[in-house]
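What follows is a short report on a single structure.
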Amino acid sequence: MARGIAHIGRDTYRTTLEVGGHALVADEPERNGGANTGPAPYDYLLAGLGACTAITLRMYADRKQWPLDAVDVSLHLSHDDGALVVKRTLAFSGALLPEQKSRMAEIAEKTPVTLTLKAGVRIDTSYT
């Protein structure tokens with residue numbers, strides 16, 4: 001389905017990533033001892049959720065031939081009573097009717113990454 005590689009050497013937290021044939025960099029902000037040369041791991045988590053949400057809603061609107069000009073997905077990860085919580089806000093541009101916006105919000109709750117995060121993921125670790 002998807003594959004990735006992460007590599008870290010002696011650089012303090014700067015990590016090179018290869019995912020889907022794309023080269024990326026991750027790091028920690030300076031306040032956590034990194035050099036802030038790339039997004040932090042939780043930033044990538046939000047990026048994946050945001051991208052999946054935006055792409056899915058674009059596909060849905062196109063299939064329905066709805067007048068969606070753009071969608072912006074704002075995400076904020078925080079702690080709430082000890083649990084991690086993502087607050088997601090959708091902003092639509094275009095001549096959508098209120099019921100179309102409501103339906104798009106329902107669809108956002110069913111995107112693949114949303115469902116994966118809500119269900120949790122089993123991680124099997126091995127080493128060489």
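Across all non-hydrogen atoms, the minimal contact from L17 to A26 is CD1-CB, 3.9 Å. P112 and T56 get closest at one heavy-atom pair: CD-OG1, 3.9 Å. Minimum interatomic distance between Q100 and A95 (heavy atoms only, all atoms of both residues): OE1-O, 4.2 Å.
Hydrophobic clustering (ILVMFWY, side-chain heavy atoms < 4.5 Å, transitive): I107 and L117 are in one cluster. Clustering ILVMFWY residues whenever any of their side-chain heavy atoms sit less than 4.5 angstrom apart, transitively, puts I55 in a cluster other than the one holding L96. In terms of hydrophobic clustering, with Ile, Leu, Val, Met, Phe, Trp and Tyr side chains grouped at heavy-atom distances under 4.5 Å, L46 and V71 are assigned to a common cluster. Linking Ile, Leu, Val, Met, Phe, Trp and Tyr residues whenever their side-chain heavy atoms come within less than 4.5 Å places L75 and M104 in a single cluster.
Here the CG atom belonging to L77 is positioned 9.0 Å from the CG atom belonging to D43, to the nearest 0.5 angstrom. In this structure, the separation between NZ on K101 and CG on L57 is 13.0 Å, given to the nearest 0.5 Å. Residue D72 holds its CG atom at 11.0 Å from OG1 of T89, rounded to the nearest 0.5 Å. Of the inter-residue distances, the one linking N32 atom CG with T12 atom OG1 reads 12.5 Å to the nearest 0.5 angstrom.
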Test log, rule side chain to side chain contact (heavy atoms under 4.5 Å, CB included), inputs R88 and T114: CA-CA 11 Å; R88 176 172 51 189; T114 298; 2.8 Å; yes
Test log, rule side chain to side chain contact (heavy atoms under 4.5 Å, CB included), inputs L84 and H79: CA-CA 5 Å; L84 282 175; H79 285 93; 3.5 Å; yes
Candidate pair T53 and L90, rule side chain to side chain contact (heavy atoms under 4.5 Å, CB included), full reasoning: CA-CA 9 Å; T53 301; L90 308 174; 3.9 Å; yes
Full working for side chain to side chain contact (heavy atoms under 4.5 Å, CB included) between R14 and T16: CA-CA 7 Å; R14 184 180 191 280; T16 58; 3.6 Å; yes
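At least one donor-acceptor pair under 3.5 Å links the side chain of D27 to the backbone N or O of N36.
In this structure, the side chains of K87 and S74 stay at 4.5 Å or more apart for every pair of heavy atoms.
Listed by first and then second residue, the ring-ring contact (aromatic ring centres under 6.0 Å, His included) pairs that reach into residues 18-51 come to none, sequence neighbours excluded.
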For residues 59-70, dump all side-chain donor-acceptor pairs below 3.5 Å to protein atoms at least two apart in sequence or in another chain.
from: Y60; atom 1: OH; to: R103; atom 2: NE; distance (Å): 3.1
from: D62; atom 1: OD1; to: R58; atom 2: NE; distance (Å): 3.1
from: D62; atom 1: OD1; to: R58; atom 2: NH2; distance (Å): 3.0

